[in-house]
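Report on the structure given below.
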Amino acid sequence: MPDNTLDLFRSLVSTQVAIPVAAMNVLVAKIQESKAATWMELELELRNAIALLKSAQDEDLGGRTNISLTSGCDLFMKYVTRAFSMENLEFSACKKEVIRRGQRFANMSLSARTQIAAVGHSFIQDGYTVLIHGSSRVVSALLLKAAETTQFSVIVTEGQPGDINLERVKPFLDAGIPTKFIRDSAVGVIMEEVDLCLVGAEGVAENGGIINEIGTYQIALVANALRRPFYVAVESYKFSRMYPLSQKDTLAMTRSRRSTTTTATAASSSSSSSSSSSSSPTSSPSPDTTTTSALTVDLPAVDFTPANFITLMFTDLGVLTPAAVSDELIRLYAQ
């Protein structure tokens, strides 16, 4: 029987379900259809399914990294497998409890956007100008919630090197939010007009920093220099046990650097021709020389923003400081 893990995952992601939530629903479906007779067999099936999910290509993930998928799967496994620590339960009863817990966890994660919008929208006040970067659906939900009671404007960065997607701003225009589109390179110029910055995250590291779409770090740097608050709206299932110490660490962990090498050709006059002609009047001038070299185009997809540049995080667990992430990870994995 062919494995339909990736097909089911793709179908869920195509309906705008968040990547970790889609993965959780796939794992619940795998448990429901499993013929395993013991926990070890069931766990092996789930581990194999997770390995398949982690092998998903960029197009399956909507161009995102698999950081949130990995952390979501890890938390799911931790949450559901506690059922097998219960004493005096037959395997069939444990399996039913695993399914119940898995469905509950997936449903809790699905409602995270609504909860984050509820706790974060009050930070946007009348007359504010909000700078956003990336295509976070959590950020969009928060802004649309704020627009129900508050008048403010939004500045949206183009988000290169990805495609300029005007569909990102359509919900804001439909909600009557004044919206301006700027180049990424204009952030330094426009920051003095901004009251706060708001971004999402693909993952939150154990040290409270965030991994997000390339360009986030430079926005945080400019915001910090001009003393503008820098907020992050992110679901708790994206809290990860990663601990990057540099941009290089981040790119290695996420495998998100895309480099291509091409050949560049340049023509230049030989400097030796002038010297040789001056020393020997009868010598003919040397022809122009052609230089060929390799040009590397480096396109990292994400960057790492350290915790000290982040003001607060809006999460489904409440409003947190970056320093609280470590404590929440301990709590999430210890429960």
Side-chain angles (χ1 to χ4, degrees), residues 5 8-9 12-13 17-32 34 39 42-56 60-61 64-86 94-95 97-116 119 136-138 200-212 232-244 253-254 302 313-320 322-335:
T5 300
L8 178 56
F9 177 71
L12 290 169
V13 171
V17 174
I19 288 170
V21 177
M24 293 172 195
N25 280 296
V26 169
L27 295 177
V28 169
K30 298 302 287 185
I31 298 170
Q32 289 173 327
S34 174
W39 163 239
L42 180 58
E43 183 180 22
L44 181 60
E45 289 181 7
L46 290 175
R47 298 290 179 193
N48 290 338
I50 289 173
L52 268 177
L53 290 171
K54 289 181 179 179
S55 71
D60 300 323
L61 300 171
R64 300 177 186 271
T65 68
N66 65 357
I67 301 170
S68 62
L69 185 151
T70 299
S71 58
C73 288
D74 288 346
L75 281 170
F76 177 90
M77 288 295 290
K78 185 69 177 177
Y79 186 80
V80 300
T81 55
R82 293 185 191 121
F84 283 88
S85 63
M86 299 177 180
C94 284
K95 183 178 175 181
E97 178 63 15
V98 166
I99 293 171
R100 187 190 70 79
R101 288 186 177 212
Q103 290 172 331
R104 181 170 180 267
F105 191 69
N107 290 334
M108 285 167 53
S109 300
L110 191 60
S111 65
R113 289 180 201 166
T114 304
Q115 296 173 40
I116 294 169
V119 301
S136 168
R137 287 172 289 207
V138 179
E202 293 200 23
V204 181
E206 195 168 352
N207 55 12
I210 64 165
I211 298 165
N212 196 42
V232 179
V234 61
E235 306 94 322
S236 61
Y237 55 70
K238 292 183 179 179
F239 288 8
S240 170
R241 287 170 143 176
M242 298 172 62
Y243 207 105
M253 290 174 179
T254 59
V302 297
M313 292 184 176
F314 306 140
T315 78
D316 47 302
L317 303 176
V319 180
L320 303 177
V325 171
S326 239
D327 294 337
E328 288 300 330
L329 271 170
I330 293 170
R331 187 184 65 80
L332 286 169
Y333 280 92
Q335 282 182 344

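Since the structure is predicted, the reported quantities are computational estimates derived from the model, not experimental observations. All values below were derived from every heavy atom in this structure, side-chain atoms included, with hydrogens, water molecules and symmetry-related copies excluded.
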### Backbone of G203 reached by a side-chain donor or acceptor of S68 within 3.5 Å
no
## Note on the structure
Nearest heavy-atom approach of L12 to A22 is CD1-O, 3.5 Å
#### Entry: Heavy-atom pair of closest approach, residues T315 and V119
O-CG2, 3.7 Å
### Query
Are side-chain heavy atoms of M77 and L46 found at a separation under 4.5 Å?
yes
### Message
Whether the side chain of S55 engages the backbone of L52 through a donor-acceptor N/O pair (distance < 3.5 Å, no angle test) should be reported.
### Response
yes
### Evaluation steps, side-chain contact (heavy atoms from CB on, under 4.5 Å), between V234 and N212
CA-CA 11 Å; V234 61; N212 196 42; over 6 Å; no
### Point-to-point distance, once rounded to the nearest 0.5 Å, from CG of L317 to CD1 of I116
8.5 Å
### Message
For a quick test of reading the model, state the closest non-hydrogen atom pair linking V232 to G200 and the distance between them.
### Response
CG1-O, 4.0 Å
### Message
Distance check, rounded to the nearest 0.5 Å: I50 atom CD1 versus E43 atom CD?
### Response
9.0 Å
### Summary
To the nearest 0.5 Å, atom NZ of K54 lies from atom OG1 of T70 at 4.5 Å
### Query
Do the side chain of K238 and the main chain of A201 share a donor and acceptor less than 3.5 angstrom apart?
yes
### Task
State, to 0.1 Å, how close S236 and L75 come at their nearest heavy-atom pair, and which atoms those are.
O-CD1, 4.0 Å
#### Entry: Rounded distance [0.5 Å steps], CD1 in I67 versus CD1 in I210
10.5 Å
### Task
List the steps, then state whether side-chain contact (heavy atoms from CB on, under 4.5 Å) holds for I19 with F9.
CA-CA 8 Å; I19 288 170; F9 177 71; 3.9 Å; yes
### Task
Quick one: pull up CZ in R113 and OG in S136 and give me the separation to the nearest 0.5 Å.
8.0 Å
### Task
Output the distance between atom CG (N25) and atom CZ (F76), rounded to the nearest 0.5 Å.
8.5 Å
### Query
Any side-chain heavy atom of Y237 sitting closer than 4.5 Å to one from D316?
no
### Considering all heavy atoms, the nearest A23-L53 contact
CB-CD1, 4.0 Å
#### Entry: Residue pair F314, V138: steps toward the side-chain contact (heavy atoms from CB on, under 4.5 Å) verdict
CA-CA 10 Å; F314 306 140; V138 179; over 6 Å; no
### Query
Below 4.5 Å, heavy atoms only, C-beta onward: do Q115 and E235 meet side chain to side chain?
no
### Query
What is the minimum heavy-atom distance between V325 and E206, and which atoms define it?
CG1-O, 4.4 Å
### Message
What verdict does the side-chain contact (heavy atoms from CB on, under 4.5 Å) test give for K30 and E45, after you've listed the backbone C-alpha separation in whole Å, the side-chain angles of each residue and the deciding distance to 0.1 Å?
### Response
CA-CA 8 Å; K30 298 302 287 185; E45 289 181 7; over 6 Å; no
